[in-house]
There are 2 protein chains.
Amino acid sequence: MKLKEAHNEFIGAWGSLGSSWGVNRTMAQIHALLLVSIEPLSAEDIMEKLNISRGNVNMNVRTLIDWGLADKRFVTGERKEFFVAGKDVWGMAKQVARERKKRELEPLQRTLEKLKLDKVNTPEEKEFQSLVKELGQFADSADGLLGKFINSKKNWIFKLASKL
Amino acid sequence: MKLKEAHNEFIGAWGSLGSSWGVNRTMAQIHALLLVSIEPLSAEDIMEKLNISRGNVNMNVRTLIDWGLADKRFVTGERKEFFVAGKDVWGMAKQVARERKKRELEPLQRTLEKLKLDKVNTPEEKEFQSLVKELGQFADSADGLLGKFINSKKNWIFKLASKL
DNA sequence: TTATAGTTTCAGTAATTATTGAAACTAAAA
DNA sequence: TTTTAGTTTCAATAATTACTGAAACTATAA
């Protein structure tokens with residue numbers, strides 16, 4: 001496979017995977033494009049290569065920056081902004097985990113927290129209470145585990161995987 | 001908080017959380033409704049309580065069954081089908097993990113597998129190759145870890161979380 | 001058989017989410 | 001200042017995804 005071809009495959013795949021990972025297609029494609037580019041790219045470069053509008057590039061690049069997956073880069077002698085993606089897969093995975101923890105796990109925990117019944121007498125009330133409690137315990141463990149992951153050093157996951 | 005109120009909160013929350021968990025809102029709401037019901041519910045019960053159409057109930061209940069999150073239940077003396085959700089949070093989490101592994105991780109692994117370059121000479125080619133390799137290693141570890149989780153016994157996650 | 005109760009499918013429609021493109025904005029340089 | 005290069009925002013529109021409702025189907029009972 002030629003490099004160009006592989007790049008395109010990769011960008012396409014990353015884009016369509018993005019949707020199942022909770023990231024929109026364009027954002028994922030821009031990320032992929034930045035990942036495979038050695039040189040920083042300008043908004044225009046991205047517009048051209050992916051055939052998308054300036055507004056779209058702007059919004060999604062901003063989100064990538066918010067997620068910590070890309071950075072602005074000023075190139076000497078150039079007035080416009082350029083962008084690069086962090087090439088460190090480990091750091092990338094941690095950033096994604098951090099975002100998902102925030103968007104998926106934490107709202108669940110907050111909601112469960114609120115669901116306290118006035119009284120717990122009937123079997124239905126008891127069952128509900130224990131459901132909420134179990135879900136809460138589970139969410140807390142998952143949260144703790146993700147937290148460890150996010151603050152871990154490189155290779156943690158490898159070590160962990162081999163330890164089990 | 002009254003039981004009814006708590007039920008509604010829970011159903012609403014589970015539904016809106018569903019979307020960020022990659023499950024559509026109705027499917028998540030049906031799941032929540034079944035979770036809080038002691039009695040098995042018929043398609044009609046679900047239609048009424050959630051104000052949705054028969055077709056919608058049917059499709060989403062089927063998906064819940066496919067995911068292993070709900071089961072058909074025949075009630076003696078009744079001709080129609082009733083549905084229940086597994087109340088075991090642990091089993092539920094494993095099912096969700098299994099689905100997400102299938103939908104999110106495995107396609108990534110398959111794609112990365114294909115991205116082999118003919119030759120690796122230029123710095124760009126080298127960088128691309130190492131990116132793909134790193135992603136692959138990472139995906140494999142994550143896959144392994146999830147696999148362990150899916151086949152694990154209850155409390156594995158608690159033990160794991162406390163071990164770290 | 002035919003009637004009846006219940007389930008499934010799917011074309012059309014509605015709701016949601018992503019994208020465009022042009023106008024408003026900001027800042028550097030002439 | 002004014003001009004020019006570049007960035008950001010957002011209303012309008014397109015694309016995607018979910019839902020409805022009615023018709024087709026299946027199975028039991030009269």
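Both backbone and side-chain heavy atoms feed into the values below; hydrogens, waters and symmetry mates do not. Order of the sequence lines sets the chain letters (A, B, ...), proteins ahead of strands, with each chain counted from 1.
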Write down the distance between [atom1] ([X]) and [atom2] ([N]), rounded to a whole number of angstrom.
X	N	atom1	atom2	value
D45(A)	dG6(D)	CG	P	12 Å
K72(B)	dT26(D)	NZ	C1'	12 Å
N24(A)	dA14(D)	CG	C1'	15 Å
M47(B)	dT20(D)	CE	C1'	10 Å
E81(B)	dA5(C)	CD	C1'	12 Å
K80(A)	dA27(C)	NZ	C1'	16 Å
E78(B)	dA29(D)	CD	P	13 Å
F83(A)	dG6(D)	CZ	P	13 Å

Donor-acceptor contact below 3.5 Å, side chain N56(B) vs main chain I52(B):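 Judged by distance alone, no pair lies under 3.5 Å.
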
Backbone of E125(A) reached by a side-chain donor or acceptor of Q129(A) within 3.5 Å: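 No, because the side chain of Q129(A) does not come within donor-acceptor range (under 3.5 Å) of the backbone of E125(A).
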
For [X], answer base if it contacts any base atom (sugar-phosphate contacts may also be present), sugar-phosphate if it contacts only those atoms, and nothing otherwise; contact means non-hydrogen atoms under 4.0 Å.
X	answer
N58(A)	base
R62(A)	sugar-phosphate
N56(B)	base

Pairing of E134(A) and K87(B) as salt bridge, 4.0 angstrom limit: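 Not counted as a salt bridge, because no side-chain N and carboxylate O are separated by less than 4.0 Å.
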
Residues R100(A), E104(B): salt bridge by 4.0 Å N-O rule: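 A salt bridge links R100(A) with E104(B).
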
Least distance between heavy atoms, L117(B) atom then A6(A) atom: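 Looking at all heavy atoms of both residues, the shortest contact is CD2-CB, 3.7 Å.
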
Toward the 5' end of DNA chain D, by each residue's nearest nucleotide, F82(A) or R25(B):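 Taking each residue's closest nucleotide, the earlier one in sequence belongs to F82(A).
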
Proximity to the side chain of R79(A) - top-ranked nucleotide from dA27(C), dT20(C), dT7(C): dA27(C)

Earlier contact from the 5' end, DNA chain C, for E44(B) and M59(B):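 That would be E44(B).
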
